[in-house]
Amino acid sequence: MENREDVKSILPFLPVCLRSSSLFWPPLVVEALKTLSEGPHYSNVNSGHVLFLAISDIRNSLSLPDSSISSSASDGFSLLFDDLIPRDEAVKWFEEVVPKMADLLLRLPSLLEAHYEKADGGIVKGVNTGLRLLESQQPGIVFLSQELVSALLACSFFCLFPTNDRGAKHLPMINFDHLFAYLYDQYDEKFENKLKCILHYFERIGSLIPAGYISFERKVLALEHGTFAFPYPKENFWSQSSISLCPFKISNSGLIEDQSSEAIEVDFANKYLGGGALSRGCIQEEIRFMINPELIAGILFLPCMADNEAIEIVGTKRFSNYTGYASSFRFNGEHVDKKEIDVLGRRKSRIIAIDALSSPGKRQYRVECLLREINKALCGFLDHLKCHQYQKFFQDMGSQHDPNVKGSSGHSEVYHLSQGNPSASSQTIEGTLANQLLRNHEAHYCSHLDYQQEIGVVTGNWGCGAFGGDPQLKAMLQWLAASQALRPFIMYYTFDLEALQMLGQVAQWISSQGWTVGELWDMLMDYSVQRLRGETGAGFFSWLLPSLNSHDTILLNNSHNV
């Protein structure tokens, strides 16, 4: 195991030790965890104050410095378990949940070893799925069992992850000490209710640990051509696209996470995965991480996203219901997740983390910013496994042709696969089959990787709100990206935002014109140039259709699906 590159990359960020090809806890840690696993009558851990003392002892046995944990975390543990939670619930937690968490931690080394035994093509043929640092510009995927994820989250709760090297690798905080510290230092009901979601998760897995898998994928648009990946599109790419716009569905109410059928659900992300989930944040991304706590595991090994990157997480289970938003956020009991399981053992829950420009102001109308946002969304919406499927076909067929060979246009077949405009070389077997893989999702290679034609995009006001983006512009950019990615539909939740009251009518009119992706992109470019020059101050909808301000019968005012 010492020779595994994936193990080498992640070991500095794990609390366990490696020697003689075995992972293990130091003896003093094993002793402490065994004591905890026996319950409060043996361990005397029956309060938040004593629990934190036990955590501190384990941390000392791991030589974790006191400076690496928030000074108020101990007060937060005491406040939550000794004052805020009803005593009968706290007693049950110490008697039933804490021992189960200690047992999970004891099994962490063996869970990791079993994980690496399956990592070399044991889950997805020919793909390394081992836990490792998925660094920036390195596309890859990690598959973790939900049991291993629960053990990793127990490490976070006990604040056992080393933190010294995380900043240098652009990794966000992973231990829960800040959650407890903010509860004490800046008490707010939202902090208490975020922790209630976490406690509920551990209560649920203490009763029954889910048996499935979760995948975490770093998706990258290649900055250089010639690599076997989707290239980062330039302005001409979008302008010349002949892809048809996909159907645009709209709802003024409802929530992205309540989507019942399988779809790509957009996480309005921070470039650091999770944003303020483990600190003060409590808006869209942070709430999703609280009700689907298994998402937090990705924070361990996924450094911040670059402009050409997105993160896709498939398989997490939702455990909690909630009400409110931001300061009004409240835990609202158990959620029963009824989503089906795919052939790889993952729940059909697909969450795409894409980070928008923050406070872009007028610069969001510049071409470089438009490209940044539309390509960020495209990166998230594309099925990057299609490239691997295409490559695998030629490997298995023993093709004499290199799928990266550039045609007369100067681009590889993969470039045309992502653009949807095959070159003249598409008359060859490579081009024909590339087109078939792109459009015939019942083909053998697509079906065995569970690729689903019906997986659309479910999103909303990405990059607006706290990030300050133009909601009309962002809606159109996401529509373009979903269409270019050949998604069958985009479902847009407006959250009743006033600026999007006419979204249904505008989308209906655009669709009625039969515009392509390229034609709508050119229209956005024309509008943005006028905004930058100060030639118009109108929103895109009014600029495109001035009649929106009248009662022109050209628009179907009751239309919400186009």
Side-chain angles (χ1 to χ4, degrees), residues 221 223 231-246 248 306-308 354-381 418-421 459 461-465 467-485 490 492 494 497-550 552 554-555 562:
L221 293 178
L223 295 177
Y232 189 87
K234 301 295 192 286
E235 183 180 352
N236 285 345
F237 173 101
W238 291 104
S239 183
Q240 295 171 11
S241 174
S242 60
I243 297 292
S244 299
L245 293 170
C246 68
F248 198 116
D307 287 346
N308 63 319
I354 50 174
D355 59 301
L357 292 170
S358 180
S359 304
K362 199 170 183 179
R363 68 187 174 95
Q364 68 187 298
Y365 302 106
R366 297 175 184 170
V367 63
E368 63 268 23
C369 291
L370 292 170
L371 284 171
R372 192 271 183 198
E373 299 296 78
I374 196 170
N375 288 338
K376 172 68 73 166
L378 178 67
C379 184
F381 299 165
S418 65
Q419 189 180 26
N421 297 329
T459 188
N461 305 324
W462 171 62
C464 307
F467 275 59
D470 179 338
Q472 297 183 9
L473 185 69
K474 285 293 199 295
M476 296 295 102
L477 291 173
Q478 290 186 85
W479 189 9
L480 289 170
S483 302
Q484 189 67 44
I490 182 169
Y492 197 101
T494 68
L497 188 67
E498 184 177 357
L500 296 178
Q501 286 183 352
M502 297 295 110
L503 177 59
Q505 292 92 315
V506 171
Q508 170 70 23
W509 186 85
I510 290 173
S511 294
S512 72
Q513 304 305 299
W515 284 359
T516 63
V517 166
E519 289 168 326
L520 179 54
W521 167 261
D522 286 344
M523 198 62 66
L524 282 175
M525 286 294 297
D526 291 344
Y527 167 73
S528 297
V529 167
Q530 292 189 26
R531 282 297 299 261
L532 286 172
R533 292 175 177 172
E535 295 172 1
T536 182
F540 177 71
F541 295 172
S542 297
W543 176 86
L544 180 67
L545 296 172
S547 57
L548 280 175
N549 295 320
S550 67
D552 197 310
I554 187 176
L555 302 176
V562 295

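For the numbers below, each heavy atom of this structure counts, side chains included, while hydrogens, waters and symmetry mates do not. Not measured: the values here are computed from a predicted model.
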### Atom CD of Glu368: over 12 foreign heavy atoms under 6.0 Å
yes
### Summary
Tightest non-hydrogen contact, residues Val517 and Gln484, listed as CG1-OE1, 3.6 Å
### Task
Identify the two heavy atoms, one from Trp462 and one from Lys376, that lie closest to each other, and give their separation to 0.1 Å.
CZ2-CG, 3.9 Å
### Query
Below 4.5 Å, heavy atoms only, C-beta onward: do Pro233 and Ile374 meet side chain to side chain?
no
### Task
Give, for atom CZ of Arg531 and atom CG of Asp470, the distance between the pair rounded to the nearest 0.5 Å.
6.5 Å
### Task
Measure from the ring center of Trp515 to the ring center of Trp509 and say whether it is less than 6.0 Å.
yes
### Query
Is the side chain of Glu373 donor-acceptor paired with the backbone N or O of Leu357 at a distance under 3.5 Å, no angle test?
yes
### Message
Testing Met476, Met523, Glu519 one by one against Ile510 for a side-chain contact (heavy atoms from CB on, under 4.5 Å), which residue passes?
### Response
Met476
### Message
Can you confirm whether Leu371 sits close enough to Phe237 that some side-chain heavy atom of one is under 4.5 Å from a side-chain heavy atom of the other?
### Response
no
### Query
Residues two or more places apart in sequence or in another chain: which of them pass side-chain contact (heavy atoms from CB on, under 4.5 Å) with Val529?
Arg533
### Task
Nearest 0.5 Å please: distance from the CG atom of Asn308 over to the CG atom of Leu223.
4.0 Å
### Query
What heavy-atom pair brings Ser542 and Ala538 nearest, and what distance separates the two atoms?
CB-CB, 4.3 Å
### Query
Which atom pair, heavy atoms only, marks the closest approach of Asp522 to Ser239?
OD1-OG, 2.8 Å
### Message
Taking Cys246's backbone N and O only, do any of them form a donor-acceptor pair with Ser483's side chain (distance below 3.5 Å, no angle check)?
### Response
yes
### Query
Would you say Ser528's side chain and Met525's backbone share a donor-acceptor pair under 3.5 angstrom?
no
### Message
Looking at every heavy atom in both Tyr365 and Leu370, which two are closest together, and how far apart are they?
### Response
O-CD1, 3.8 Å
### Query
Could you give the distance from SG (Cys369) to CG (Leu473), rounded to the nearest 0.5 Å?
10.0 Å
## Note on the structure
In terms of heavy-atom contacts, Trp521 and Glu235 come closest through NE1-O, 3.8 Å
### Distance in Å, Leu520 CG paired with Trp238 CH2, rounded so as to fall on 0.5 Å steps
10.5 Å
### Query
Do Leu245 and Trp479 touch side chain to side chain, with heavy atoms closer than 4.5 Å?
yes
### Query
Between CG of Leu378 and CG of Leu480, what distance do you get to the nearest 0.5 Å?
10.5 Å
### Message
Nearest 0.5 Å, please: how far is CG in Leu503 from CG in Asn461?
### Response
9.0 Å
### Main-chain N/O of Ala499 paired to Gln472 side chain as donor or acceptor, under 3.5 Å
yes
